[in-house]
2 protein chains.
Amino acid sequence: MAGKSSRAAHVRATPCSRCPLRPLPIFRNFEPEELDFVSTFKRGELVVNRGSTVLVEGSPSPYLYTLLAGWAFRYKLMPDGRRQILNYVLPGDLIGLQSSLLGEMEHSVEALSSLVLCVFERGQLKELYSRFPGLAFDVTWLAAREEQMLDENLLSIGRRSAVERAAYLLAFLAIRAKALGLAGPGPVQLPVTQQHVADTLGLSLVHTNRTLRKLAERKRIAWKDSACLVLDVEALQAIAHWSGPSEKPRPLI
Amino acid sequence: MAGKSSRAAHVRATPCSRCPLRPLPIFRNFEPEELDFVSTFKRGELVVNRGSTVLVEGSPSPYLYTLLAGWAFRYKLMPDGRRQILNYVLPGDLIGLQSSLLGEMEHSVEALSSLVLCVFERGQLKELYSRFPGLAFDVTWLAAREEQMLDENLLSIGRRSAVERAAYLLAFLAIRAKALGLAGPGPVQLPVTQQHVADTLGLSLVHTNRTLRKLAERKRIAWKDSACLVLDVEALQAIAHWSGPSEKPRPLI
DNA sequence: CGCGGTTTTGAGAATCCTCAAAACCAGTGG
DNA sequence: CCACTGGTTTTGAGGATTCTCAAAACCGCG
């Protein structure tokens with residue numbers, strides 16, 4: 001159920017000035033001195049394999065990460081093994097903030113694909129707050145955005161039916177992926193198994209399969225190579241009674 | 001379903017230096033200059049009645065609030081009226097941050113009892129970040145804590161059974177209330193109806209009633225005057241398979 | 001070819017829902 | 001004082017949703 005905790009550490013250097021993410025239109029422009037500081041803030045890069053656990057529940061992580069490439073997910077486990085996936089982590093997302101602020105991680109993070117992560121040192125966060133209020137604001141911004149996503153997810157699990165829930169989740173992920181340019185002109189491909197979907201929706205694997213099957217019959221999605229192809233995002237949104245997110249230019253630390 | 005939006009505004013002045021909350025042991029000590037700034041940051045006090053809506057989904061609030069006294073809850077509505085309660089707001093909690101950062105509220109906040117709120121102006125947040133990195137850090141801290149509560153709530157709704165869910169919620173609220181000194185020596189009293197519990201747990205009112213009844217039969221809780229008396233917090237935690245929060249000294253803005 | 005991970009299908013059972021109505025209770029106006 | 005009202009809690013009954021157990025089918029990979 002949980003992935004192996006092997007962690008193929010591998011450090012390269014890609015200067016922030018040539019960050020592949022920052023040129024994307026959804027990220028806000030940085031002042032030169034902000035960019036300089038982030039560059040020094042960055043301690044290196046970490047590459048991990050699919051299935052690896054990046055952060056572990058219960059342990060205090062000395063690092064903060066920004067995901068540069070790949071897909072991951074945050075989850076919690078109950079003592080008897082029940083798993084709940086809380087949210088998905090896409091490029092540009094910050095992880096490990098809870099540990100840096102509150103002391104201990106209360107959730108784990110696992111890689112859905114191989115990942116490239118920017119590594120920051122936890123201790124430097126205070127310096128960031130002292131010297132770059134704008135960046136500090138951005139960190140809070142990211143935390144507030146995560147909260148917003150969790151709110152919608154909570155509404156989904158609490159009050160939407162199985163089909164609505166599935167439709168919401170797949171539309172949500174497809175839209176996030178598209179905004180990052182992770183999809184070509186064709187349908188978005190989500191690197192998740194039906195087990196991941198089940199653990200996100202709070203449903204059993206069997207019932208999730210039957211629910212997804214209905215969406216597939218209606219040509220809203222398709223399964224290929226242990227991944228989900230999202231064929232019609234707007235139809236999914238309509239099924240979920242969800243009008244979509246209000247995407248504004250966002251910060252990238 | 002939603003409360004009346006009447007808002008009995010009433011402004012008094014209680015200087016932060018005589019804040020009734022700050023002396024509590026769970027709040028961290030402030031530097032004198034931090035306290036000074038918060039005092040100037042504070043624009044006044046707002047008193048609202050039970051049932052009033054403090055913040056409305058979809059509207060950009062020009063204010064930030066810290067709850068001084070009373071109970072409230074955050075919730076979202078679906079177009080057809082389904083309601084999901086996301087979390088409860090207790091004294092010392094900050095509300096309206098999402099709006100200040102992201103532009104628009106995506107949830108509403110309603111008073112469970114009459115409330116006293118500290119009012120801050122949204123625009124001053126930037127000044128706080130510039131001049132008091134420590135306070136800025138605190139704001140982020142509060143956001144990360146909210147996220148942590150939402151994570152646990154998501155696990156609850158997604159993976160716990162009805163009884164486990166109810167037990168978790170009531171233990172969670174009882175512990176939060178106790179930490180704030182809101183309970184005397186006796187059992188904690190939670191000012192919620194079974195409808196609130198149902199909308200928090202993602203269950204129907206009928207099934208919630210039958211579930212709570214089981215807990216009442218076992219003497220874990222009791223209902224009195226449209227409120228829940230929590231008789232045995234530890235037993236509830238055991239039912240929920242929940243070990244409780246890690247309460248550390250926390251900031252109060 | 002055999003293996004492990006993933007998807008699919010069947011069947012019966014538990015959980016949870018909806019509809020409906022009654023009981024209870026504090027507050028309100030006659 | 002009493003009837004009436006609205007909000008809350010309680011109970012019954014049938015039905016829909018979702019779960020668990022079990023097994024088969026499928027598929028890339030060594």
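These numbers come from a predicted model, not from an experiment. Reminder, nothing fancy here: chain letters follow the sequence lines and each chain counts from 1.
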Find out whether the Lys NZ or Arg CZ of A:R160 is both under 6.0 angstrom from the six-membered ring centre of A:Y168 and within 45° of the ring's axis. yes

Describe the nucleic acid contact of [X] in one word from base, sugar-phosphate, nothing, applying a heavy-atom distance below 4.0 Å.
X      : answer
A:S204 : base
B:L203 : sugar-phosphate
B:R210 : base

For B:R159 and for B:Q194, find the nucleotide of DNA chain D with the closest heavy atom, then tell me which residue's nucleotide is more 5'.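 Between the two, 5'-proximity favours B:Q194.
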
Closest nucleotide of DNA chain D for B:V192 versus for A:S161: which of these residues is on the 5' side?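 Residue closer to the 5' terminus by nearest nucleotide: B:V192.
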
Whole-Å distance separating the [atom1] atom of [X] from the [atom2] atom of [N]:
X      : N      : atom1 : atom2 : answer
B:L215 : D:dT9  : CG    : P     : 15 Å
A:R50  : D:dG28 : CZ    : C1'   : 12 Å
B:L205 : D:dT9  : CG    : C1'   : 8 Å
B:R213 : D:dT8  : CZ    : C1'   : 13 Å
B:D225 : C:dA26 : CG    : C1'   : 10 Å
A:K214 : D:dT18 : NZ    : C1'   : 11 Å
A:R82  : D:dC19 : CZ    : P     : 12 Å
A:I221 : C:dT7  : CD1   : P     : 11 Å

Nearest of [options] to any side-chain atom of [X]?
X      : options               : answer
B:H207 : C:dT6, C:dC17, D:dT9  : C:dC17
A:N209 : C:dT8, C:dT18, D:dT9  : C:dT8
A:A162 : D:dT18, C:dC16, C:dT7 : D:dT18

Between B:I85 and B:R74, does a side-chain contact (heavy atoms from CB on, under 4.5 Å) hold up when you go through it step by step? CA-CA 6 Å; B:I85 294 184; B:R74 302 196 302 119; over 6 Å; no

If you find the nucleotide of DNA chain C closest to B:T211 and the one closest to A:S226, which residue's nucleotide is nearer the 5' end?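 The 5'-side residue here is A:S226.
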
Determine whether a donor-acceptor pair (N or O, by modelled atom type, separation under 3.5 Å) exists between the side chain of B:K76 and the backbone of B:S108. no

Would you say the side chain of B:L236 lies within less than 4.5 Å of the side chain of B:I221, judging by non-hydrogen atoms?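 Counting from C-beta outward, B:I221 and B:L236 do come under 4.5 Å.
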
Salt-bridged, A:R159 to B:D199, with N to O below 4.0 Å?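 Yes, charged N to carboxylate O under 4.0 Å.
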
